[in-house]
Amino acid sequence: MDLSLTDEQRLLKESVERLLMDRFGFEARQRFMAEPAGWSRALWQSYAELGLLGLPFEEKHGGVGGGPVETMIVMEAFGRALALEPFLATVVLGGGLLRRGADEAMRSALIPKIARGVLLLAFAHAERQSRYDLADVATTARRDGGGYVLDGAKTLVIHGDCADKLIVSARLAGARRDRDGLGLFVIDADAAGVSRRGYRTVDGLRAAEVVLSGARVGASEILGEPGKAFPLIAQVADEAIAALAAEAVGAMAATHEMTVDYLKTRKQFGVPIGSFQVLQHRAAEMLIALEQARSMALFAAMMVEEPDPTERRRAIAAAKVQIGRSGRFVGQQAIQLHGGMGMTMEYKVGHYFKRVTAIDALFGDADHHLAELARLGGLIGAREAK
Amino acid sequence: MDLSLTDEQRLLKESVERLLMDRFGFEARQRFMAEPAGWSRALWQSYAELGLLGLPFEEKHGGVGGGPVETMIVMEAFGRALALEPFLATVVLGGGLLRRGADEAMRSALIPKIARGVLLLAFAHAERQSRYDLADVATTARRDGGGYVLDGAKTLVIHGDCADKLIVSARLAGARRDRDGLGLFVIDADAAGVSRRGYRTVDGLRAAEVVLSGARVGASEILGEPGKAFPLIAQVADEAIAALAAEAVGAMAATHEMTVDYLKTRKQFGVPIGSFQVLQHRAAEMLIALEQARSMALFAAMMVEEPDPTERRRAIAAAKVQIGRSGRFVGQQAIQLHGGMGMTMEYKVGHYFKRVTAIDALFGDADHHLAELARLGGLIGAREAK
Amino acid sequence: MDLRFTPDEIAFRDEVRAFMRDALPAPIRRKMVEARRLEKDDIVTWQRILNARGWAVPHWPVAWGGTGWSPVKQYIFHEELQQAPAPDPLPFGVNMVGPVIIAFGSEAQKRRHLPRIANLDDWWCQGFSEPGAGSDLASLKTTARRDGDSYVVNGQKTWTTTAQYADWIFCLVRADPAAKKQQGISFLLIDMKTPGITVRPIQTIDGGREVNEVFFDDVRVPVENRVGEENRGWDYAKFLLGNERTGIARIGTSKARIRRLKEIAALERAGDKPLIEDERFRTKIAAVEVELKALEMTQLRVVAAARERNEPDPASSILKIKGSEIQQAVSELLLEAIGPYALPEETHDDADRWNEPPIGPEWAGPLAPHYFNWRKVSIYGGSNEIQKNIIAKAILGL
Amino acid sequence: MDLRFTPDEIAFRDEVRAFMRDALPAPIRRKMVEARRLEKDDIVTWQRILNARGWAVPHWPVAWGGTGWSPVKQYIFHEELQQAPAPDPLPFGVNMVGPVIIAFGSEAQKRRHLPRIANLDDWWCQGFSEPGAGSDLASLKTTARRDGDSYVVNGQKTWTTTAQYADWIFCLVRADPAAKKQQGISFLLIDMKTPGITVRPIQTIDGGREVNEVFFDDVRVPVENRVGEENRGWDYAKFLLGNERTGIARIGTSKARIRRLKEIAALERAGDKPLIEDERFRTKIAAVEVELKALEMTQLRVVAAARERNEPDPASSILKIKGSEIQQAVSELLLEAIGPYALPEETHDDADRWNEPPIGPEWAGPLAPHYFNWRKVSIYGGSNEIQKNIIAKAILGL
């Protein structure tokens, strides 16, 4: 066990943090939100130049061959900066489905474009009725020659409004919540039969509703083996959770630092409010919640490539529980300790709070994953099975 | 609505408090525990003289015709004093079953003796497997001439070791957890076929295991209609909970007062520890928990005679939840704020903590009643149904 | 001791309930049920309906429009109003400045302001907090220099709720720069149309614009608009702050919100069944209901005790703390109930979006903003930390 | 960064685990699993087994019996020991006075005491707390008057764990009555057989008698039994208190207790099914498991950081707070699991009761005492409130 960063990892961390410090201040963020896409294309190109957009991919596809720790480092920095760009949608979700599930033809066609920053992806998976159940897919894929015809409606497609291509899940067989019978299809976002409605989310990011009405996908647009997509979807969703855990830790750490600074500078009754023991203890409790969350983000990074899917699921579920609970506590207390100031749009801490709240609602909230963890028997098994 | 006490209620409160202050200090309590019965027969006679043992009974049976508020007043005083005597077992449970369920012959034979302090009762109901399910009775009652033969084992019979008579629940028909098919029988504690094993409970009170092996009860010992006893058992169990809620409030109030006094007198770092804001807030939070519990003990007293059994059950379940949660918080924090001192047998606060812990485990803990309340749809119905 | 309502109280409750059912306009009720933001007109309309019925200011003296109800009946009225759910009357007039004027104001002030407050002809706002004076209100800095028959006011107030609608503002100011902290404070009534007043909205994280900064730049206020004596303003402010007893726990509002929560949980599906049938979620709701019922009983105990005391009851700090905790817990459960549909932002500002269908279920939109916005209830009106200080000192003697 | 154990570390873990499985006597293991009280003999027996294996004092210098393991291996060892579950070595010797003697003691003290500590030939206890000096340790009053080659000790210590078994006690005393607070304190090693020492047991609410008062009445202590310099005792005490880093979170113990909880919840029935299948109860267990896993990772991070720093890590306050919260949460769930069988008192004192069958299930008896007793873990070793003060000051700079 070795928790120190390698030289490469330290370099990555420093460079992404420097880039964000230089280019992504709070005012810049407000400006970027007002751009047509709701984020900065220019910054996206800088990410590409820094190699961030090729982070998890093989070198032969223009990537840098990073693993979960590298993703963690970058996502934590994004969390601190409250980044707006479609990194999760394009690199983690879209890129993850491609690199793990696509054949070499599709990979070599698409991944280099992701890495160069010229292809944006989104994963159109959730549906109105599915809540947090990854297997609950009603959208249908009907066989049509060498390809398929897709019909259905997808919801809450993260950064689906700006994506060049959508990766759409659809059901080839089975009942609505069956794990068997799902397929994945890569379709141009402006293809016939695809319509989108983009909107802003509470955290200032973007999403889209997507309707598929007789949308045709050709044989070359099938991702992996039709009907067998569920394990791939579950794996990539867990990778997204691990990434979001790191992002949440970055946001919480910044939240905590801002709060401690505020306690040191804000005066009431002639003294800094940080001299009140109750607020000191609250800040200590926030630190504990943050450190527990950081530990679980590490654990998620460590376990996200665990080969046994049940062990992986247990670990990632546990991480999402901790992130959700710590995030809620840290965010709420930061607002409380800032008083009215924390409630205003002009001040950064409330935006962290909203992003951490949104992260809890992405890919299953704390309660959902706690129930799943309990169903899977928890984390601690009988002694010898450890 | 009028929350002030009547003159009679105020007199009752003052006289029971004065009696306990005079006769039931902490040292006296230790002495009484060492008596053969584990409590004081002499004090029991004083209760009788004060009319406490006839509190809920009709005047024609030697009682004083008090209601739930009078029981609340007395139980709260018992809670403050950490009383040891079998009031709950004899007056609330045994007396409650008799006055609500027995025919006039049995009532007039037994209740006056309770009121005079010469008859002790215990309710032998729970069984090894029943946990908190009042309908889970495996003990059988087999018809035998005009009477019955009882076989089975009863557990955790409160003050069962000193009781003169046991009121035993047994199954005449139905499966183990059916609500139909239960009967109640009043049997001499030293009758043939009845054996007991008494023991102390963690709170310093007493209980017994009771085994019934072919124990015969005559026709005159049948309480109420055989096979139809469940509603009576449920009613009296709810009355016991309302009484215990008041007792717990008395214990919590005394706990809180002791803790605040300790904060004012104990010095560390040259100042009373009550000058530390964190401990001030903790004491405030304890007060809030106590006041919420007091409110629910009032609510329980108000609702325990509600004619609709489901409404009654909802209310009493809610009260037990609040009592359990507040009791745990107040007790734990009292220990924490007293430091090591609170952990010692020589100091009263730990004994309150143990009694309140025991009360949570009597007639269903907070979690049990919360689940039942949720199953019954909670407390707040649709608007017009209020 | 009789813990139940008397027949007279029950009849009164039924009368109030029937009135709320019949008189509350459906669109306002719908916004209230759905936890949507109200417009100024909604508040005004409802207040005038109440005033027409003679129920605008139940707690005021009968001479000024009060009803003479017992504390229990006042409680019942407020509880039924919140459960309807109807809007609470704008507090700055009827609960704050109104009672101060009644207790300390001149006859001219009473005649001029009280009827217009009751009918919401004048919209009032509160000028207490300043950027440097939050929990430590007495450190406020806004000055009022005497100049003939006027004060000249300079300074800044903040967190001023609905200042953008306001006709009048009541302010704490320093008329005596030499006096220390509490001693130098006076209480002024200021017409918002007076030259030199600027209102700047502060957008909050829920997207709302209900609070503002208010700037005073050589604002001339006639001396006759001072309430009571100069330098006695701190006493009037304490009276005002301690006065806000009834309804601070918002029990009726929480009941209405829990009803809404149960409705939504019956509509949302988790897996193969309605969310309300998920044992864990149902249990969470029940746990809040228990706390709320306990608080309702606590409130009734405070109301009953109010008969016997005439000063602010420190137990109202318990109501504030627990009431805000419960309101926030319900706002969290509402958020959890809608699951991923916490995400889409409801953009009330974009007029062109009003005609589009909402993203996800129609009940979801207001609930994330409600959750964000409701963080305020443990901050304003004296933060919960301040309330615990009060309990420790005023009740426990620590 | 590699978050997994190396193959070498895994091999080590397997070796330790096999040792624990084979070497821990079954009756001791059973008491540990069931959360029953241990006898003195159990602790001594186990310590000597560890010492025979060379694992009695892994963290000591190799010259005095240490193993030279990396911090990670020390962590693994401790974790496996607690998970076995085996008794923790008596801390007063191996974790407290031993390291103080190693760092500050004389050669004679080292030779005399260290081997006997490692083999538990001498049972040590700790004489720090006094009736007036709890969290405020520096206000202690026990005096040590110099008289020739001896100190004459007078005063009282309290909360002295297992003083009734002790051969030696290490004490903080005041040798210099003129010096202020921290400055006048010295650190003495005192033979418990010295005339003038009286031990009075304090029974705790769980029925146990593990803590004591210790009275010193003109107790003569040779000057050579002072550790280090006179009036430097406070420094040695701080070293001792800050030193107790490994295992303070008791993660292995909590894992073993959660295993026990799951076993019991599978045996207890709630209604028509095992308690473990009750979704709400299972969820409660899972919630604690999440916190425990997070704490385990936090502990590993502290262990990893220990390579790079040589002073006590204020992060160990996090381990203490969260570790004790988790232990107490598990003790509550164990209590809930047995339902009404929390009630019967297990009377260990009555010899005649040992042969009777227990009331209720055989697993229930120790669990209420365990719950009561475990309230101590948030009090001793610096209460959780003190730990939060440390975090606020040492980490956050507040």
Side-chain angles (χ1 to χ4, degrees), chain B residues 126 128-133 136 155-156 158 176-177 197 199-205 207-209 266-271 273 276 278-279 282 328 331-332 335-347 349-351 353-354 357-358 360-368 370-371 374, chain D residues 129 131-139 158-159 181 202-209 211 268-272 275 278 280-281 284 328 332 335-336 338-347 350 353 356-361 368-369 371-373 375-376 378-380 383-386 388-389:
Chain B
R128 174 71 183 80
Q129 80 290 343
S130 58
R131 202 171 172 92
Y132 297 130
D133 182 352
D136 190 335
T155 190
L156 298 166
I158 305 168
R176 209 187 75 214
R177 288 196 308 276
R197 176 181 164 199
Y199 49 91
R200 186 173 286 172
T201 49
V202 290
D203 48 8
L205 276 67
E209 304 294 287
R266 168 76 172 171
K267 289 192 176 180
Q268 292 276 277
F269 306 103
V271 293
I273 60 174
F276 293 110
V278 158
L279 306 190
R282 201 77 56 79
R328 185 183 279 188
Q332 289 181 351
I335 302 289
Q336 183 72 21
L337 267 51
H338 275 88
M341 184 61 73
M343 296 279 298
T344 67
M345 281 288 213
E346 298 163 28
Y347 194 73
V349 80
H351 297 268
F353 175 49
K354 292 203 286 182
T357 302
D360 187 44
L362 286 167
F363 297 98
D365 63 13
D367 206 56
H368 169 83
L370 184 60
Chain D
S129 292
S135 295
D136 180 14
L137 187 56
S139 68
T158 193
W159 312 127
K181 278 208 127 175
I202 301 172
Q203 195 180 21
T204 44
I205 51 171
D206 57 303
R209 290 192 166 85
V211 291
E268 290 280 344
R269 296 188 75 83
D272 55 353
L275 181 60
D278 178 292
R280 291 169 310 108
F281 197 75
K284 283 190 186 186
Q328 292 181 335
E332 288 174 22
L335 191 75
E336 286 180 29
I338 56 169
Y341 287 106
L343 290 168
E345 183 177 65
E346 270 221 330
T347 335
D350 305 355
R353 293 285 296 279
E356 289 191 38
I359 307 296
Y371 167 68
F372 295 133
N373 184 255
R375 301 313 308 165
K376 72 186 177 192
S378 53
I379 296 172
Y380 68 24
S383 72
N384 284 11
E385 288 79 11
I386 295 286
K388 287 181 193 172
N389 286 348

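Keep in mind that this is a model prediction, so the values were computed, not measured. Lettering of chains follows the sequences in order, A, B, ..., and the numbering in each one begins at 1.
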Exercise for the section: Please flag which part of A358(B) lies under 4.5 Å from any non-hydrogen atom of chain D: side chain, backbone, both or neither. Expected result: both
Problem - Heavy-atom contact with chain B under 4.5 Å, split by part of Y371(D) - result: side chain
Handout entry: Nearest atoms (heavy-atom pairs only) where A368(D) meets V202(B)
Key = CB-CG1, 4.1 Å
Problem - Donor-acceptor pair, side chain of D136(D) and main chain of F269(B), under 3.5 angstrom - result: yes
Handout entry: Any Q328(D) side-chain heavy atom under 4.5 Å of Q332(B) side chain
Key = no
Practice task
With the side chain counted from C-beta on, respond yes when R197(B) and P357(D) share a heavy-atom pair under 4.5 Å apart, and no when they do not.
Solution key: yes
Practice task
Mind listing the closest non-hydrogen atom pair of G339(D) and A361(B) along with its distance?
Solution key: O-CB, 4.0 Å
Problem - chain B contact via K388(D) - side chain, backbone, both or neither, heavy atoms under 4.5 Å - result: neither
Handout entry: Atom pair CE (M341(B)) and CD1 (I202(D)), whose distance is rounded to the nearest 0.5 Å
Key = 8.0 Å
Handout entry: Spacing of R131(B) atom CZ and Y341(D) atom OH [to the nearest 0.5 Å]
Key = 11.0 Å
Practice task
Kindly determine whether L205(B) and L343(D) satisfy side-chain contact (heavy atoms from CB on, under 4.5 Å), including the steps that lead there.
Solution key: CA-CA 9 Å; L205(B) 276 67; L343(D) 290 168; over 6 Å; no
Practice task
Begin from the C-alpha positions of D365(B) and L335(D) and carry the test side-chain contact (heavy atoms from CB on, under 4.5 Å) through to its verdict.
Solution key: CA-CA 11 Å; D365(B) 63 13; L335(D) 191 75; over 6 Å; no
Practice task
Give, as side chain, backbone, both or neither, the part of D278(D) having an atom under 4.5 angstrom from any heavy atom of chain B.
Solution key: neither
Problem - Residue S130(B) versus chain D: region with a heavy atom under 4.5 Å - result: neither
Handout entry: Proximity breakdown for P131(D) and chain B, heavy-atom pairs closer than 4.5 Å
Key = backbone
Practice task
State, to 0.1 Å, how close P340(D) and Y132(B) come at their nearest heavy-atom pair, and which atoms those are.
Solution key: N-OH, 3.3 Å
Practice task
Among I273(B), D367(B), L279(B), V278(B), single out the residue with the greatest number of heavy-atom pairs under 4.5 Å to chain D.
Solution key: D367(B)
Problem - Which of G204(B), G342(B), G350(B), G340(B) touches chain D most, by non-hydrogen pairs under 4.5 Å - result: G340(B)
Completion exercise
Taken to the nearest 0.5 Å, the spacing of H368(B) NE2 from R280(D) CZ works out to 9.5 Å
Exercise for the section: First locate atom CD of E332(D), then atom CZ of R328(B), and finally report the distance between them rounded to the nearest 0.5 Å. Expected result: 4.0 Å
Problem - Side-chain donor/acceptor of Q268(B) to backbone N/O of G134(D), under 3.5 Å - result: yes
Handout entry: Selection from G271(D), S129(D), S139(D), A270(D) maximising heavy-atom pairs under 4.5 Å formed with chain B
Key = G271(D)
Practice task
Report the option among D360(B), T344(B), L362(B) that has the most heavy-atom pairs separated by less than 4.5 Å from atoms of chain D.
Solution key: T344(B)
Practice task
State, without any angle test, whether Q336(B) and S378(D) hold a side-chain donor-acceptor pair at a distance under 3.5 Å.
Solution key: yes
Practice task
With a 4.5 Å cut-off on heavy-atom pairs, point out which of P361(D), S383(D), P369(D) contacts chain B the most.
Solution key: P361(D)
Fill in the blank from the handout: Closest heavy-atom pair, M343(B) versus N373(D), reported as atoms and distance to 0.1 Å, is CE-O, 3.4 Å
Completion exercise
Taken to the nearest 0.5 Å, the spacing of D272(D) CG from D133(B) CG works out to 9.5 Å
Handout entry: Heavy-atom check, side chain of F353(B) versus side chain of R375(D), under 4.5 Å
Key = yes
Practice task
Select one option (side chain, backbone, both, neither) describing which atoms of A133(D) are under 4.5 Å from chain B's heavy atoms.
Solution key: backbone
Problem - Student check: side-chain heavy atoms of I335(B) and I205(D) closer than 4.5 Å - result: yes
Handout entry: salt bridge (charged side-chain N to carboxylate O under 4.0 Å, His left out) partners for D206(D), two or more places apart
Key = R37(D)
